[in-house]
Amino acid sequence: MCYGLDPPRKPWDSGGMERYTPSLIEPKWQAYWAEHKTFRTPEDPALPKKYILDMFPYPSGAGLHVGHPEGYTATDILCRYYRAKGHAVLHPMGWDAFGLPAEQYAIQTGTHPAITTQKNIDTFRRQIQALGLSYDWDREVDTTDPAYVKWTQWIFLQLYKRGLAYQTEIPVNWCPALGTVLANEEVIDGKSERGSHPVVRLPLRQWMLKITAYADRLLDDLDLVSWPESTKTMQAEWIGRSEGALVKFPLASGEGHLEIFTTRPDTLYGVTFMVIAPEHPLLDRLVSEGQRAEVEAYVAKARNRSDLDRKAAKEKTGVATGGFVTHPLTGQPVPVWVADYVLMGYGTGAIMAVPGHDERDFEFARTFGIPVVQVVSAEGTVLPELTEAYTEQGVAVNSGPYNGLTTEAFKAQVTADLEAAGQGARRVEYRLRDWVFSRQRYWGEPFPIYFPVTCEGDPRKGEAHTIHYDQPIAMEESELPLRLPDLEDFNPGEDPAGTLARAADWRFFQKEGRWFARETNTMPQWAGSCWYYLRYLDPKNPEEAWSKAAAERWLPVDLYVGGAEHAVLHLLYARFWHKVLQDAGHVQVPEPFGRLVHQGMILGEVEYTAYRDAQGAFLSKERVMAHPDGGFRHRDTGEEVTAERVAEEATEKKGSAVVLKADPAIQLDARAYKMSKSRGNVINPDDVIREHGADALRLYEMFLGPLEATKPWSTSGIQGVSRFLERVYALAQKPRSAAAPEGDLLRLLHKTIRKVGEDIEALRLNTGISALMILLNELSKATPLPQEAVETLVRLLHPYAPHLAEELWEQLGHAPSLQAVPWPTYDEALCVDSQLTIAVQVGGKMRGTIQLAAGATQEEAQAEGLKLESVQRQMEGKTLRKTIWVQDKLLNLIVG
RNA sequence: GCGAACGUGGCGGAACUGGUAGACGCACUGGAUUUAGGUUCCAGCGGUUUCCACCGUGUGGGUUCGAGUCCCACCGUUCGCACCA
């Protein structure tokens, strides 16, 4: 054994297997697993099943980043563990391969997106395989594969046939830069989520999916799943169910009434004005002649105001329409205003304004000098004047016959009364809107829909024609898939009908002598990812999207791991489709994903930042503040300050601060940032594997901290786990004894088996590794070293570092694969130490410890504890009042 | 502004239902082996201090024999929502 040589960094300098050489071991075992299809999903229905799923990646041109292996390694560890525990594990991988980047690249270079996509998939597959992840590659799916698209289109037809897909002309989020419409969920602060391009509201014909029809089930069934509370809360808030009442306010002049939605019908007596949205259809009838010019000017301005402007505006704006409605309970006239703080898209686009008990109404009333009336009181007393809106519940005042009722009782009573009088009804509203499902791009699934065309000649030649969009025809299921046409130019252009509108030969076709036009919109990227977990069940099935038997066998997904950025969109859409498919009888369980875990982000290495003023002199960080517009300013003078990165060697620690070594008076900022190309702090998994091996990368990412936490990368940290693997390898090269382990070593083995197993099941992968390190440290000292102990270590290490474990298993004289070897078992009785260390406290303060046999009595402990010198010192001149005894843990002597 | 989560050594982090704070690893210090080492091995490693002892889990209170853990208030970081009536 020669420990004294260079670590095996170069493949060519390692002739034998004397030292741990990941560059030799890892390809060997990857080839073995591939050849023997070690991870093929077992068919045996008698085995308990585990469906363990990763969110499949979008295969970008940049390749894998270190964030991908984090979640993938975690699930891989569970899969290898459960296989060893005798479960049938389904663990597939695939590609979410439609999407904008490939298309943008095509626009720039003319390369067909299918080619780019294929190339990227090959890179991703190679990188993922280099990590030794145990996927069943026979089940790989690719959302852009026509054999997959076929079934995405088929599911769309199921939605269409159930009346859940419809067309509408609505103002949509049109993004000129991207040449497409975006879902509400894809617009953030008036800009596109992807690329931050401005988005304008434009009325266009769109396909919509009626997700609102499932709002209640999507909300209620959150109780059925084991997901992070934060994610459930986000979905619940996104759905935004609110219960209230619809109330009719008759128009003061003429027929009809203004309908409003309110969650606080108990404040009806506090209404001092009404507000309608600028787009409200009744606006025209309500406007008085005197106000018409002013109202029209306001509406025109509001229409042109982008969402961005609306947000920036802090002051409430609005104009009185001059029109009035009649209060349904008091019969008094109520003035109607128009203001853009009321949104046409929610409720009825009109509200009753109760300034006394709604902050927005209060602000509006104050701006325009409208009276404020108090109708709810905390204690039943009326205040002379409200200085702010009282939005809490309370007791009704100034409310005629309802005075004295609590908020809850009032709501129920008045809603019933209004309903009886035909003036209102109970009503539930949702924040959730129907899903805008069409995009005007090329690289997506075509809709299996076409329309009749009236045309004198050949519409393909651009001759005059009319497409009857109001008469959509669904393609026959037997005609699927509808493939994308080949194009030379992928530019979206200005035609809001989409890129495909330019593929005239594809778009127009004749059937029985009549012309038809295909839908030229394509589906959004979410479509493919809404159901990929179902295709994995039966990926090669040419007859069905998946077989009923496969769905019954494998659903729901037992563990789903992926980023928190999908907390709302992907997970809500997929749940929606799943429920539709359940209603259509294609799946049986109500929820697709039973347990969900979000892996945390891995940040770049910690960076140190120093600040300099305009003269170039260093400034300590407490004298610098961030400027809202970016950049930094001097806290006192306000002058601009520049930031610069400082190498770690130039810094040192001083107390809790980091300072410049050259000038310890200068404090630095020390923090880790999100990895990004522009910051130059991206860690490439390929480089890490080349230097340390895949097992070290896997182990390091798991050892970094809890899976869910955000944590910074550390280049020196990976050497710790690398060293651990080298030591495991070295241990297996030592002479071993055939004798069974005994005594403390035996106990440690059993404790470690229990701990590692429990930690894997609970996804506490960091502490599991720590237990393995402790075991290794003990085994390194053991003389003699029992073979069985080394084998146990290797078997426990296997899920974490599978290549090394397989290699050592073979070296220890066993036939591969270790995956076929059952998980070690432990004996509960051997997990308890024979001698326990008991804490001894006097008055709740630690004074020492005593060694006792497990199960010792309080009397024995007390006798032993009182012998401690430190205890005697504390008890001098005092009497023992009381003793607290926690079996096998602690003795606390209370003195007085 | 509203809501949620989180604040533990120089660093990443441990600590199950309140019960020996700092497991494990990194970094650092000392020693051994080595021609040498960014190798390996051994030892040390929260702070103050005369070895007694005291202080210590963001800050200030509280509950308890006992609080990192429970309660209240505040400060800070991160994430989500942001006129949804």
Side-chain angles (χ1 to χ4, degrees), chain A residues 1-7 189 228-231 233-234 237-238 240 242 244 260-264 267 275 310-311 313-314 316 339-343 345-354 358-361 363-364 429-433 564-565 567-568 601 606 648 652-658 670-672 700 703-706 708-721 723-724 726-727 730 758 762 764 766-774 777 780 837-849 869-870 873 881-884 886 889-895:
Chain A
M1 201 48 244
C2 35
Y3 286 106
L5 295 179
D6 275 315
D189 288 340
E229 275 314 310
S230 58
T231 302
T233 305
M234 279 167 69
E237 283 174 357
W238 192 265
S242 67
I260 60 95
F261 172 73
T262 178
T263 54
R264 292 296 300 271
T267 60
V275 185
R310 278 202 188 189
K311 291 236 164 65
K314 292 195 179 80
K316 292 258 181 301
D340 66 2
Y341 84 90
V342 171
L343 311 171
Y346 184 77
T348 62
I351 62 157
M352 65 177 210
V354 185
D358 182 285
E359 281 164 21
R360 296 150 302 182
D361 298 345
E363 201 186 317
F364 192 85
E429 279 289 334
Y430 300 91
R431 205 189 81 121
L432 182 72
R433 312 289 162 79
E565 66 273 19
V568 177
M601 207 189 320
V606 173
E648 193 180 355
E652 67 182 356
K653 291 278 148 52
K654 193 177 144 194
S656 62
V658 185
R671 56 167 288 197
Y700 176 63
F703 190 57
L704 212 46
E708 296 90 335
T710 303
K711 45 220 172 245
W713 184 267
S714 151
T715 297
S716 62
I718 196 167
Q719 307 209 340
V721 295
R723 205 171 294 160
F724 166 71
E726 281 163 27
R727 292 181 60 211
E758 283 175 357
R764 288 189 301 257
N766 51 333
T767 51
I769 296 170
S770 138
L772 292 172
M773 287 172 166
I774 293 168
N777 289 345
S780 304
T837 306
I838 309 281
V840 181
Q841 303 184 334
V842 178
K845 273 187 181 277
M846 272 297 297
R847 293 300 166 187
T849 58
E869 215 178 295
S870 53
R873 241 192 323 267
R881 300 267 180 225
K882 192 178 160 191
T883 307
I884 309 278
V886 182
K889 280 235 152 113
L890 168 138
L891 178 74
N892 187 3
L893 304 167
I894 315 302
V895 294

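As the structure is a computational prediction, the values presented were derived from the model and not from experiment. Heavy atoms only: backbone and side chains are in, while hydrogens, waters and symmetry mates are out. In what follows, every chain begins at residue 1, and chains take the letters A, B, ... in the order their sequences are listed.
At the phosphate of B/C24, neither OP1 nor OP2 sits under 4.0 Å from any side-chain N or O atom of A/Asn766. Contact between the side-chain N/O atoms of A/Arg723 and the OP1/OP2 oxygens of B/U40 is found at a separation under 4.0 Å. Phosphate proximity of B/G80 to A/Thr233: absent, as no side-chain N or O sits under 4.0 Å from OP1 or OP2. Dashed line: the shortest gap from a side-chain N or O of A/Asn777 to OP1 or OP2 of B/G25 is under 4.0 Å. Taking 4.0 angstrom as the limit, A/Arg431 places none of its side-chain polar atoms (N or O) nearer than this to OP1 or OP2 of B/A85. Contact check, A/Lys845 against B/C55: a side-chain N or O comes under 4.0 Å of OP1 or OP2. Between A/Arg847 and B/U20 there is no side-chain polar atom (N or O) within less than 4.0 angstrom of OP1 or OP2. Residue A/Arg764 places none of its side-chain N or O atoms closer than 4.0 Å to OP1 or OP2 of B/C16.
Between B/G25 and B/U35, the distance separating the two C1' atoms is 32 Å to the nearest Å. Across the C1' atoms, B/G31 and B/G18 are found 43 Å apart, a figure rounded to whole Å. B/A23 and B/A15 have their C1' atoms separated by 8 Å, given to the nearest Å. Atom C1' of B/C16 sits at a distance of 39 Å from the matching atom of B/A82, rounded to the whole Å. Taking the C1' atoms as reference points, B/A14 lies 10 Å from B/A21, given to the whole Å. Atom C1' of B/G60 sits at a distance of 27 Å from the matching atom of B/A53, rounded to the whole Å. When the P atom is used for both B/U8 and B/U59, the distance is 10 Å, rounded to whole Å. For the C1' atoms, the distance from B/G37 to B/A32 is 15 Å, rounded to whole Å.
Residue-level contact check: A/Ile884 touches the bases, meaning some heavy atom is under 4.0 Å from a base atom. A/Arg873 comes within 4.0 angstrom of sugar-phosphate atoms only, judged by non-hydrogen atoms across all strands, and of no base. If you check every strand for non-hydrogen atoms under 4.0 Å, A/Thr262 touches sugar and phosphate atoms only. As judged by a 4.0 angstrom heavy-atom cut-off over every strand, A/Thr710 is placed among residues touching the sugar-phosphate backbone only.
By the rule that a glycosidic angle within 90° of 0 means syn, B/G18 does not qualify and counts as anti.
Contact check for A/Asp361 versus A/Met352: no side-chain heavy atoms found under the 4.5 Å cut-off. The shortest distance between side-chain heavy atoms of A/Val354 and A/Thr262 does not fall below 4.5 Å. Using a 4.5 Å heavy-atom cutoff, the side chains of A/Phe703 and A/Met773 are in contact.
The two residues A/Val275 and A/Val342 have their closest heavy-atom pair at CG1-CG2, 3.5 Å. Closest heavy-atom contact between A/Tyr346 and A/Ser242: OH-OG, 3.0 Å. When every heavy atom of A/Ala567 is checked against every heavy atom of A/Met234, the shortest pair comes out as CB-CE, 3.9 Å. Taking every heavy atom of both residues into account, A/Leu343 and A/Asp340 meet most closely at CD2-O, 4.1 Å. In terms of heavy-atom proximity, A/Arg431 sits nearest to A/Glu237 at NE-O, 3.5 Å.
Atom CG of A/Leu890 and atom P of B/U20 are 7 Å apart (whole Å). Between the CG atom of A/Leu704 and the P atom of B/C24 there is a distance of 18 Å, given to the nearest Å. Look at CE on A/Met601: it is 15 Å from C1' on B/C6, rounded to the nearest Å. For A/Phe724 and B/C26, the CZ to C1' distance is 15 Å, given to the nearest whole Å. Rounded to an integer number of Å, the gap from A/Met234 CE to B/G80 P is 7 Å. A straight line from CD of A/Glu359 to C1' of B/C2 spans 9 Å, rounded to a whole angstrom. Look at CD1 on A/Ile718: it is 13 Å from P on B/A27, rounded to the nearest Å. In this entry the distance linking NZ of A/Lys711 with C1' of B/C11 reads 16 Å, nearest Å.
Aromatic ring orientation, A/Tyr700 versus A/Trp713: perpendicular (interplanar angle above 60°, classes split at 30° and 60°).
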Worksheet item: Just the dot-bracket of RNA chain B, please: which string comes out with Watson-Crick or G-U pairs under 3.5 Å, [ ] for crossing, | for another strand?
Response: (((((((..(((......[....))).(((((.......))))).(((....)))..(((((..]....))))))))))))....
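Candidate nucleotides B/A85, B/A15, B/A27 were compared by shortest atom distance to the side chain of A/Phe261, and B/A85 ranks first. Candidate nucleotides B/G25, B/A85, B/C16 were compared by shortest atom distance to the side chain of A/Met773, and B/G25 ranks first.
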